[in-house]
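Have a look at the structure below before the remarks.
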Amino acid sequence: MAKDTTKDMTVGSPMKLILGFSIPLLFGFLFQQFYNVVDTVIVGRFLGMQALAGVGATGSINFMIVGFCMGVCSGFAIPVAHKFGAKDYSGMRRVVANCVWLSIAFAAVMTIAVCLLCRNILMWMNTPEDIFQDSYSYILIIFMGIPATYLYNILSGIIRSMGDSKTPLVFLTLSSFMNIGLDLLCILSFHMGVAGAAVATVVSQLVSGILCLIYLIKKFEILHITGQEWKIDVGYMKMLCGMGIPMGLQYSITAIGSVILQTAVNGLGSLAVASVTAGSKVSMFFCCPFDAMGSTMATYGGQNVGAKNLDRVGKGLKDCVILGTIYSLVAFVIMYFFGADLASLFVDEGGGQMLENARTFLIVNSAFFIPLALVNIIRFLIQGMGFSTFAILAGVFEMVARTLAGLVLVPRLGFIGACFASPLAWIFADIFLIPAYIHVRKRLQKIFNNEEVAVRG
């Protein structure tokens with residue numbers, strides 16, 4: 001059974017493997033975006049622009065907290081890929097067991113902390129008074145769903161680490177359709193307002209997590225953990241935290257800049273907030289291929305480093321960058337000609353200025369998609385190779401860039417300053433990541449050479 005559900009990425013054509021692994025991931029990320037996009041479309045069309053702005057004003061803090069959860073889970077999955085690539089299946093099961101214990105602890109502490117601080121955070125962010133209650137109602141429920149976020153992301157990460165990127169897609173597809181139905185039910189039938197959209201998102205992700213759990217138990221015999229393997233291992237926990245916390249902090253540190261930027265945009269008024277919200281939702285949808293490429297390279301890099309094959313790592317990087325560049329050019333053309341039409345999905349009528357603002361946002365962002373492709377591909381590859389700490393430093397560069405945009409560009413240039421915030425962050429991150437990859441590769445090569453000499457000696 002294990003042979004049918006795992007995928008060894010240490011042999012075969014890198015381009016073929018990357019495409020075959022990333023395409024299911026791409027659809028998975030697209031369906032994940034449905035959670036957010038469908039919420040936003042229904043909120044904007046049925047509850048109005050003010051409600052849309054209320055949801056949008058929570059975007060950066062949502063990214064900071066939920067992004068930390070997703071980053072931690074991605075980091076926890078990397079040692080699983082290493083053990084799988086090295087064919088150390090007993091060690092892999094021990095790693096998975098300790099992932100479970102850590103995820104439970106992280107989820108409990110984070111849920112309690114952020115729910116208690118939720119209202120204060122929105123006040124610190126200068127959330128406009130006319131949308132404050134909508135923002136609070138939405139984000140509080142999202143934060144209460146943090147355990148569901150951990151459940152799905154840790155289990156899907158483990159499944160992908162062993163080369164199966166298709167199954168999480170199937171579960172996300174099912175739960176995405178459930179999300180659409182729950183959105184309509186909660187907002188139109190139960191009249192729950194923006195809270196209904198949040199409930200739909202949390203319940204749908206919980207269903208995805210439960211389905212992943214059932215599948216993992218039934219199909220992955222290689223992961224049937226024995227009683228002794230469930231034992232808490234301090235060494236493994238340190239290793240997992242060494243991978244997971246830096247990746248989580250990467251998202252959160254990056255998001256600090258986003259929070260500062262969001263605070264500056266909030267100061268421009270509800271129209272600007274709604275414009276950035278609509279533009280961001282469309283942009284995030286088109287950025288899904290970059291997310292898929294990044295996650296693919298994390299698994300690809302993890303398995304091949306486990307197999308001590310750095311030449312394949314370099315070939316995979318080259319092939320993935322080619323794919324990212326081609327897609328970036330296509331996406332820019334679509335944004336340039338159809339950006340306003342795509343943004344119009346989020347409002348019913350009377351959004352003329354908002355649509356023009358959103359189109360400007362989309363054109364500026366998509367013009368810098370190639371730097372974004374490099375950020376995702378190289379950063380996740382470095383993480384997969386076992387150097388998660390570099391993710392924090394890359395996040396610091398992004399944080400600095402978005403902070404500069406929030407404190408300098410937006411006050412001086414207004415809305416157009418907000419449009420250039422993300423491109424500036426991507427460029428700053430690339431300035432760090434490209435030399436970092438060269439350093440990591442040289443360091444690993446030296447380690448592998450020393451190990452080979454020791455074995456021969």
Side-chain angles (χ1 to χ4, degrees), residues 1-10 21-22 24-25 28-29 32 69-107 147-172 175 205-226 229-233 236-237 239-245 247-248 291-292 294-303 305-306 380 383-384 386 388:
M1 188 69 68
K3 292 181 179 179
D4 295 331
T5 53
T6 60
K7 181 71 172 180
D8 190 345
M9 302 183 77
T10 62
F21 193 85
S22 63
L25 275 177
F29 281 114
Q32 273 189 312
C69 302
M70 295 172 66
V72 167
C73 292
S74 296
F76 284 173
I78 288 173
V80 179
H82 287 176
K83 295 292 185 181
F84 180 79
K87 309 298 188 293
D88 179 8
Y89 301 130
S90 176
M92 182 178 68
R93 288 191 291 272
R94 292 178 183 274
V95 169
V96 171
N98 283 273
C99 281
V100 172
W101 299 126
L102 283 174
S103 296
I104 292 173
F106 274 62
T149 301
Y150 267 98
L151 178 66
Y152 171 74
N153 283 282
I154 190 61
L155 294 180
S156 63
I158 291 170
I159 293 171
R160 283 195 299 267
S161 291
M162 293 182 291
D164 181 2
S165 61
K166 295 179 181 179
T167 302
L169 163 64
V170 175
F171 298 148
L172 269 177
S175 61
Q205 189 161 63
L206 178 61
V207 170
S208 294
I210 293 173
L211 290 174
C212 281
L213 179 60
I214 294 172
Y215 177 82
L216 189 147
I217 292 173
K218 289 188 174 182
K219 297 295 183 180
F220 282 85
E221 294 180 4
I222 199 172
L223 280 178
H224 286 185
I225 304 173
T226 65
E229 289 170 341
W230 277 110
K231 184 178 179 181
I232 292 176
D233 188 302
Y236 278 134
M237 284 198 167
M239 177 180 64
L240 289 166
C241 288
M243 292 287 186
I245 292 177
M247 288 185 71
D291 296 327
S295 293
T296 297
M297 294 310 292
T299 299
Y300 180 89
Q303 288 194 15
V305 166
F380 280 90
Q383 292 167 352
S388 295

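These values consider heavy atoms only, across backbone and side chains, with no hydrogens, waters or symmetry-generated copies.
Using a distance-only test at 3.5 Å, with no hydrogens or angles considered, a donor-acceptor pair links the side chain of H224 to the main chain of I217. Of the possible donor and acceptor atoms, one in the side chain of H82 sits under 3.5 Å from a partner among the backbone N and O of G384. Side chain of Q303 to backbone of M9: a donor-acceptor contact under 3.5 angstrom is found.
Between W230 and W101, the two ring planes are perpendicular [angle over 60°; tilted spans 30° to 60°].
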May I have the step-by-step check of side-chain contact (heavy atoms from CB on, under 4.5 Å) for F171 and I159, ending in yes or no?
-> CA-CA 12 Å; F171 298 148; I159 293 171; 5.5 Å; no
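Side-chain atoms of Y152 and P168, non-hydrogen and from C-beta on, do get closer than 4.5 Å to each other. Residues M162 and L223 meet the side-chain proximity criterion, which asks for heavy atoms closer than 4.5 Å. Considering only heavy atoms from C-beta on, Q383 stays 4.5 Å or farther from S74 through its side chain. Under the 4.5 Å side-chain criterion, counting only non-hydrogen atoms from C-beta, Y215 is not in contact with V170. In this structure, N98 and M239 have side chains that are not in contact, with every pair of non-hydrogen atoms separated by 4.5 Å or more. Taking 4.5 Å as the limit, every side-chain heavy atom of T167 sits out of range of all side-chain heavy atoms of K219.
For C73, the side chain to side chain contact (heavy atoms under 4.5 Å, CB included) partners two or more places apart in sequence, or in a different chain, are Y150, N153, I154. With sequence neighbours left out, the side chain to side chain contact (heavy atoms under 4.5 Å, CB included) criterion links L102 to F76, F106, M237, L240, C241. Legend: residues meeting salt bridge (charged side-chain N to carboxylate O under 4.0 Å, His left out) with K231, ordered by chain and number and at least two apart, are absent.
Across all their heavy atoms, T149 and C69 have their closest contact at CG2-CB, 4.0 Å. Of all heavy-atom pairs spanning P79 and M243, the tightest one is CG-CG, 3.9 Å. In this structure, I158 and A77 approach most closely via the heavy-atom pair N-CB, 4.2 Å.
We find the CG-CG distance between L211 and L151 to be 10.0 Å, quoted to the nearest 0.5 Å. D291 contributes atom CG, which lies 7.0 Å from atom CZ of F380 (distance to the nearest 0.5 angstrom). Note: I78 CD1 to K83 NZ = 14.0 Å, rounded to the nearest 0.5 Å. Atom CD1 of I210 sits about 10.5 Å away from atom SG of C212, to the nearest 0.5 Å. S156 OG to M70 CE: the interatomic distance, rounded to the nearest 0.5 Å, is 8.5 Å. Within the model, atoms CD1 of I222 and OH of Y89 stand 4.5 Å from one another, a figure rounded to the nearest 0.5 Å.
Under 3.5 Å, the side chains of Q205 and S175 contain no donor-acceptor pair of N or O atoms.
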